[in-house]
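Notes for the one structure printed next.
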Amino acid sequence: MHWADHTAQTLQQRGDSQVIASGITPSGEFHVGHLREILTAEMIHRACLDAGMDSRHIFIVDSMDPLRRIYDFLAPNYEQYIGCPLAYIPAPGPDGEPDPDGGSYAEHFLGPFLEALREIGVEPEVVMNHETYESGAFADKTHSAIGQRGEISEVIEEVSGREVPEDWFPYNPLGSDGSLDGVRVTGYEHPHVHWVDRHGVEGASDIRTGQGKLPWRIDWAARWGIHGITCEPAGKDHGAAGGSYDTGIPICEMLGGQPPHKMVYEWIQLKGMGPMSSSAGVTVGPLDALGLVPPEIMRYVIARSKVGRHIDFDTGPALFQTADEYERLVANPPSGSDEEMTRRQQVAQDTQLAALRLSQIKRGSDPSSSIAGVSFRHLAMLAQIKSSDDDVWASLRRSGHLDGDPSDALTGRMRRMRNWVDGPHFPDAARIEVQSGISDEAGTNLTDEHREFLSALSGALSDCEWTDAAIRDCIRATTAEVGIGGRDAYVALYWVILGKHHGPKASSLMSEMEREDLLSLISET
RNA sequence: GGGCCUGUAGCUUAGUCAGGUAGAGCGCCGGGCUUUUAACCCGGUGGCCGUGGGUUCGAAUCCCAUCAGGCCCGCCA
């Protein structure tokens with residue numbers, strides 16, 4: 001059984017209503033890990049719905065988390081905001097300077113990420129954590145945590161094995177400068193936590209407002225109860241023994257909540273394997289990746305892998321293989337009957353079908369529509385030899401792949417394909433490079449029969465109408481005339497044009513070339 | 001120092017929880033296809049299941065050890 005369905009089944013034992021959560025800090029550095037986080041949760045959510053349960057998918061944005069450091073894309077004067085919640089500091093402008101009109105830092109980075117999520121069919125309920133603080137929803141848990149300060153501190157020491165400082169307090173107030181750093185708690189009188197900050201200023205934070213926050217391990221445990229979360233997949237950093245998941249579970253109970261089902265996933269890495277990457281170790285952001293990779297393929301990469309396995313997602317040559325695999329599965333889904341399969345084969349089949357189901361952008365839609373009738377490889381070829389999209393659609397209509405106007409799925413695929421083809425990740429081996437002269441290798445591979453055919457073709461082409469169809473007819477006619485095998489004729493052409501023994505549809509390729517260039521190439525043989 | 005995950009064919013991997021003769025896809029090789037979407041169809045090659053012990057009638061699977069890669073123990077998905 002697929003991991004998402006299996007998790008849904010486990011969750012069903014708790015009841016018929018599920019809240020699946022994801023959580024991400026919008027510090028600006030979105031990476032593919034966030035994609036795995038949110039897709040893992042979303043697939044479990046879908047599996048719950050598919051199993052007939054009620055389910056919500058909530059995305060908790062850690063907008064109350066402080067800015068930790070000055071990232072590369074930030075100007076040095078962000079120094080003043082280190083330690084301040086991301087919801088309360090200004091977004092950077094194009095120059096990296098704080099932009100007073102740019103909205104909050106958290107919102108600024110969240111927007112594009114949510115947009116990218118929409119493209120892969122993920123539309124969670126977004127919860128801004130700072131708003132939950134401001135609304136007072138954390139107040140009871142905070143009061144309870146402060147009351148059990150000693151016990152909580154013991155749990156953390158016991159479970160995580162790390163030492164909790166003597167003056168540790170389960171609430172971090174904001175100081176007079178709006179920063180969480182260097183603020184020392186001096187006392188608690190419900191609902192106020194008294195403090196003195198690093199400037200020596202004294203003050204009090206009302207726990208019913210956004211004047212402070214719970215430390216991470218407590219915050220996480222508290223929000224589980226507040227939102228009634230039944231499952232929150234966590235990266236293995238949180239999931240490691242003694243990590244925040246393990247401390248969160250007892251703390252959640254101490255705060256009167258029911259802890260969620262523990263689920264831990266392995267890391268994913270996105271590797272660009274283009275020409276620059278081997279030496280420079282180029283990595284790609286998730287937003288970049290979604291600009292290159294068809295959304296259902298992105299989902300498929302997550303859906304087909306077991307949660308406990310590393311994923312090295314490669315935007316180089318492996319993308320062809322992944323797309324091939326996906327398309328084969330769509331075109332020919334496994335469908336053996338129970339009698340003729342072993343139990344293992346049946347499990348494998350169920351898992352594959354579920355992965356396919358969960359890869360669809362729209363829940364429940366027909367997988368075959370995601371491909372839009374054209375293979376990824378074919379599109380890669382067309383993107384290279386046709387400079388305008390209209391020519392691509394025309395070619396697809398001629399070849400019978402397209403009827404009428406291209407679908408959104410198809411235009412989306414094409415847009416991403418062009419990004420890929422034009423960028424550094426596209427594999428050299430797949431790149432179509434029309435030769436400027438006959439290579440030595442091509443020369444030695446051409447037989448006399450080949451040369452005879454090429455010579456005849458050259459004559460025929462000189463007064464051939466320069467369209468795909470006319471060129472194709474011309475090749476056929478010449479092939480018949482010379483008496484060369486169809487395959488050999490094309491092999492000869494590929495050696496001449498590409499310097500390889502095979503290639504994409506020759507007439508399409510030739511119609512994109514200048515007639516003179518082609519004839520001059522042939523004449524060199 | 002403590003702990004977690006992973007190691008199965010050239011590549012990606014299923015099978016490990018409930019032990020019973022190692023499965024798949026890709027690649028590769030061969031054949032087919034008298035008009036190549038880098039296509040398609042058929043057949044074949046290929047694994048002492050990281051290593052060493054143990055338990056068992058029987059181990060990829062359970063136990064112990066060991067090697068390798070990744071990661072966690074302040075924050076991080």
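The sequence lines fix the lettering, A, B, ..., with proteins before strands; numbering per chain opens at 1.
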Task: G1(B): pairing nucleotide in any strand, Watson-Crick or G-U under 3.5 angstrom - done: C73(B)
- [ ] Output the single nucleotide from G70(B), C76(B), A14(B) whose closest atom is nearest the side chain of A348(A).
- [x] A14(B)
Open item on the list: Let me spell it out: for each of P233(A) and R476(A), pick the nucleotide of RNA chain B with the closest heavy atom. Which residue's pick is nearer the 5' end?
Closed with: R476(A)
- [ ] Give one of base, sugar-phosphate or nothing for I268(A), where a contact means two heavy atoms less than 4.0 Å apart.
- [x] base
- [ ] Could you work out the separation of C42(B) and C4(B) based on their P atoms and round it to a whole Å?
- [x] 47 Å
Task: Nearest to side-chain heavy atoms of R309(A), which nucleotide of G7(B), U36(B), A77(B) - done: G7(B)
- [ ] Just call it for H401(A): base, sugar-phosphate, or nothing, with non-hydrogen atoms closer than 4.0 Å on any strand.
- [x] base
- [ ] Look at the side chain of R36(A) and the backbone N and O of I302(A), then say whether any donor-acceptor pair between them is shorter than 3.5 Å.
- [x] no
TODO: Would you mind reading off the distance between I156(A) atom CD1 and C75(B) atom C1', rounded to a whole angstrom?
DONE: 14 Å
TODO: Could you check which of G15(B), U37(B), C5(B) has an atom nearest any side-chain atom of E266(A)?
DONE: C5(B)
Task: Options A38(B), U35(B), C76(B), nucleotide nearest the side-chain atoms of Y490(A) - done: U35(B)
- [ ] Examine G74(B): is either OP1 or OP2 under 4.0 Å from a nitrogen or oxygen in the side chain of R68(A)? Give yes or no.
- [x] no
TODO: Classify the nucleic acid contact of W216(A) as base, sugar-phosphate or nothing, counting any heavy atom under 4.0 Å across all strands shown.
DONE: sugar-phosphate
Open item on the list: Rounded to whole Å, how long is the line connecting atom CH2 of W3(A) with atom C1' of G15(B)?
Closed with: 19 Å
TODO: Write down the distance between CZ (R377(A)) and P (C40(B)), rounded to a whole number of angstrom.
DONE: 9 Å
- [ ] Sticking with atom P, work out how far A22(B) lies from C48(B), rounded to a whole angstrom.
- [x] 13 Å
Task: Shortest side-chain distance from R217(A), nucleotide among C75(B), A77(B), G70(B) - done: C75(B)
Task: Proximity to the side chain of R328(A) - top-ranked nucleotide from C26(B), C71(B), A77(B) - done: C26(B)
Open item on the list: When the P atoms of U8(B) and U51(B) are compared, how many Å lie between them, rounded to an integer?
Closed with: 10 Å
TODO: Give a yes or no answer on whether the side chain of R431(A) reaches the backbone of Q384(A) with a donor-acceptor pair at less than 3.5 Å.
DONE: no
- [ ] Nearest whole angstrom, please: distance from the C1' of U37(B) to the CD of Q384(A).
- [x] 14 Å
TODO: Using a heavy-atom cut-off of under 4.0 Å over every strand shown, decide if F320(A) touches base, sugar-phosphate, or nothing.
DONE: nothing
Open item on the list: Give me the distance, rounded to whole Å, that separates U61(B) from U55(B) when you measure between the C1' atoms they each carry.
Closed with: 13 Å
Task: Between G15(B) and G23(B) - P atom distance, rounded Å - done: 15 Å
Open item on the list: Please report whether the ring centroid of W3(A) lies less than 6.0 Å from that of Y265(A).
Closed with: no
TODO: Kindly say whether A303(A) contributes a backbone atom to a donor-acceptor pair with the side chain of H2(A) at under 3.5 angstrom?
DONE: yes
TODO: Report yes or no: does S63(A) contribute a side-chain atom to a donor-acceptor pair with the main-chain N or O of A87(A) at less than 3.5 Å?
DONE: no
Open item on the list: Using the C1' atom as the point on both nucleotides, what is the distance between G47(B) and C11(B), in whole Å?
Closed with: 14 Å
Task: Proximity to the side chain of K306(A) - top-ranked nucleotide from U35(B), A14(B), A77(B) - done: A14(B)
Open item on the list: Only pairs with both distances under 3.5 Å count, Watson-Crick or wobble alike; so what is the partner of A14(B) in this structure?
Closed with: none
TODO: Please determine if a side-chain N or O atom of K236(A) lies less than 4.0 Å away from the OP1 or OP2 oxygen of C76(B).
DONE: no
Task: Same-atom distance (C1') from A39(B) to C49(B), integer angstrom - done: 35 Å
- [ ] Could you tell me the separation between the SG atom of C84(A) and the OH atom of Y78(A), rounded to the nearest 0.5 Å?
- [x] 11.0 Å
- [ ] Please work out if A380(A) contacts a base, only the sugar-phosphate, or nothing of the nucleic acid, heavy-atom cut-off 4.0 Å.
- [x] nothing
Task: Separation of the P atoms in G10(B) and U6(B), to the nearest angstrom - done: 22 Å
Task: Among G70(B), C26(B), A77(B), the one nearest H34(A) by side-chain distance - done: A77(B)
- [ ] Kindly say whether L290(A) contributes a backbone atom to a donor-acceptor pair with the side chain of R416(A) at under 3.5 angstrom?
- [x] yes
TODO: Run the numbers on F376(A) and L379(A) for side chain to side chain contact (heavy atoms under 4.5 Å, CB included), then give the verdict.
DONE: CA-CA 5 Å; F376(A) 189 75; L379(A) 221 46; 5.7 Å; no
Task: Pairing nucleotide - A65(B), Watson-Crick or G-U, each distance under 3.5 Å - done: U51(B)
TODO: For G33(A), answer base if it contacts any base atom (sugar-phosphate contacts may also be present), sugar-phosphate if it contacts only those atoms, and nothing otherwise; contact means non-hydrogen atoms under 4.0 Å.
DONE: base
- [ ] Quickly work out the W220(A) CH2 to C76(B) C1' distance and round it to whole Å.
- [x] 12 Å
TODO: Look at the side chain of E232(A) and the backbone N and O of S22(A), then say whether any donor-acceptor pair between them is shorter than 3.5 Å.
DONE: no
Task: Interatomic distance where NE2 belongs to H310(A) and C1' belongs to C11(B) [whole Å] - done: 18 Å
Open item on the list: With a cut-off of less than 4.0 Å, is there a side-chain N or O of S305(A) near OP1 or OP2 of U13(B)?
Closed with: no
- [ ] To the nearest Å, give me how far apart CD (E325(A)) and P (C11(B)) are.
- [x] 16 Å
Open item on the list: Which is more 5' along RNA chain B, the nucleotide nearest D65(A) or the one nearest R472(A)? Just name the residue.
Closed with: R472(A)
Task: Spacing between M510(A) atom CE and U36(B) atom P, to the nearest angstrom - done: 13 Å
- [ ] Looking at every strand, decide which applies to L498(A) at a 4.0 Å heavy-atom threshold: base, sugar-phosphate, or nothing.
- [x] nothing
- [ ] Please tell me which of the listed nucleotides, A77(B), U36(B), U37(B), lies nearest to the side chain of V491(A)?
- [x] U36(B)
Task: Assigned partner base of C28(B), Watson-Crick or wobble definition, under 3.5 Å - done: G44(B)
